[in-house]
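Reviewing the structure listed below.
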Amino acid sequence: MVHPATTDWPRTVPEAEAIQRRLAPLADLTGPGPAPAAVRHVAGLDVGYPTAGDEVTGAVAVLDADTLAVVDRAVVREPARFPYVPGLFAFRELPPLLAALDRLTITPDLLVCDGHGLAHPRRFGLACHLGVLTDLPVIGVAKTPFTGRHDPPGPERGSWTPIVLDGEVVGRALRTRYGVKPVYVSQGHRIGLDDACAHVLRLTPAYRIPEPIRQADRLSRGR
DNA sequence: GCGACAG
DNA sequence: ATCTTGTCGC
């Protein structure tokens with residue numbers, strides 16, 4: 001079943017960009033964000049690309065915020081509904097992700113998705129779009145920079161530098177492990193940058209990538 | 001015009 | 001994203 005929010009999906013670049021410009025003002029980029037103690041379940045979201053044909057696999061893993069144990073999961077594989085166009089990422093990955101979210105037993109208190117949020121040419125990346133459609137707190141965590149400029153952060157875990165776009169801070173390059181390439185964090189919806197980074201660090205005890213996203217990535221590959 | 005471009 | 005072996009380093 002197709003998610004209600006994606007029944008009227010754009011088919012062209014101009015249509016998709018218009019939707020981003022229209023929805024961008026609806027993203028809450030400051031929070032206050034959920035109180036740390038109120039976050040019991042954190043969901044990681046990722047999309048995989050199975051095999052031949054233009055298919056996408058949306059995966060969501062829900063983790064206990066304290067133990068980081070997986071307590072719920074959902075995977076949806078379906079035909080892609082939009083081509084890959086940098087900047088219009090959400091129109092390709094949102095449909096399978098929303099479908100997977102619908103199949104969850106638990107409603108997460110916080111979403112962490114693979115991709116940028118505010119750090120986007122029109123300041124409305126996947127994390128923002130996901131937040132506006134679900135009205136859940138969302139943090140965007142990308143593995144490579146996309147737009148804006150930044151200096152490399154210090155080598156220590158927890159050190160960071162701002163990502164600046166047109167004179168505005170739109171995210172941070174955040175070191176999650178000593179000496180390892182940083183991840184790129186930006187606001188999605190209903191949370192500020194400070195809180196977003198604090199959550200990301202707390203959710204990344206062992207590897208470079210936050211545990212919720214790692215688990216979702218595994219799921220999207222059928223593991 | 002040419003290159004770069006989240007996953 | 002995905003196609004893919006070994007190899008350097010802690």
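Read 5' to 3', the first and last nucleotides of DNA chain C with an atom closer than 4.0 Å to a heavy atom of chain A are dA1(C) to dT2(C).
Between H129(A) and F91(A), the gap from one ring centroid to the other is short of 6.0 Å.
In this view, R190(A) satisfies the side chain to side chain donor-acceptor pair (under 3.5 Å) rule with no residue, not counting sequence neighbours. In this view, R81(A) and T6(A) satisfy the side chain to side chain donor-acceptor pair (under 3.5 Å) rule, not counting sequence neighbours. Listed by chain and residue number, P50(A), T51(A), E55(A), T57(A) satisfy the side-chain contact (heavy atoms from CB on, under 4.5 Å) test with R77(A) (two or more places apart in sequence, or in another chain). Under the side chain to side chain donor-acceptor pair (under 3.5 Å) criterion, R157(A) pairs with no residue at all, not counting sequence neighbours.
A distance of 11.0 Å separates CG in L45(A) from OG in S220(A), rounded to the nearest 0.5 Å.
Residue pairs meeting the ring pair (Phe, Tyr, Trp, His ring centres under 6.0 Å) criterion with at least one member in residues 161-188 of chain A, sequence neighbours excluded: H150(A)-Y184(A).
In DNA chain B, no run of at least 3 consecutive Watson-Crick or G-U pairs with both distances below 3.5 Å is found. Secondary-structure annotation of DNA chain C gives no stems, with a stem taken as at least 3 successive Watson-Crick or G-U pairs whose two distances both fall under 3.5 Å.
Between R172(A) and D194(A), at least one side-chain N (NZ, or NE/NH1/NH2) sits under 4.0 Å from a carboxylate O, which counts as a salt bridge. Here R92(A) pairs with D54(A) in a salt bridge; the nearest charged N to carboxylate O distance falls below 4.0 Å.
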Considering only distance and modelled atom types, tabulate donor-acceptor pairs under 3.5 Å from the side chains of residues 105-125 of chain A, sequence neighbours left out.
unit_1: D109(A); atom_1: OD2; unit_2: R40(A); atom_2: N; d: 2.8
unit_1: D109(A); atom_1: OD2; unit_2: H41(A); atom_2: N; d: 2.9
unit_1: D114(A); atom_1: OD1; unit_2: K143(A); atom_2: NZ; d: 3.1
unit_1: D114(A); atom_1: OD2; unit_2: K143(A); atom_2: NZ; d: 2.7
unit_1: H116(A); atom_1: NE2; unit_2: T144(A); atom_2: O; d: 3.3
unit_1: H120(A); atom_1: ND1; unit_2: R122(A); atom_2: N; d: 2.9
unit_1: H120(A); atom_1: ND1; unit_2: R123(A); atom_2: N; d: 3.4
unit_1: H120(A); atom_1: ND1; unit_2: F124(A); atom_2: N; d: 3.3
unit_1: H120(A); atom_1: NE2; unit_2: G87(A); atom_2: O; d: 2.8
unit_1: R122(A); atom_1: NE; unit_2: Q20(A); atom_2: OE1; d: 2.7
unit_1: R122(A); atom_1: NH2; unit_2: Q20(A); atom_2: OE1; d: 3.0
unit_1: R122(A); atom_1: NH2; unit_2: G87(A); atom_2: O; d: 3.4
unit_1: R123(A); atom_1: NH2; unit_2: L165(A); atom_2: O; d: 3.1

Donor-acceptor pairs under 3.5 Å, side chain of residues 130-139 of chain A to any protein atom, not counting sequence neighbours: which ones?
unit_1: T134(A); atom_1: OG1; unit_2: L130(A); atom_2: O; d: 2.8
unit_1: T134(A); atom_1: OG1; unit_2: L136(A); atom_2: N; d: 3.2
unit_1: D135(A); atom_1: OD1; unit_2: H189(A); atom_2: NE2; d: 3.2

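With side-chain heavy atoms closer than 4.5 Å counting as contact, directly or through intermediates, the hydrophobic cluster containing V75(A) also holds L219(A).
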Can you give one letter per nucleotide of nucleotides 1-7 of chain B, going 5' to 3': B for a protein heavy atom under 4.0 Å from the base, S for sugar-phosphate only, - for none? ----SBB
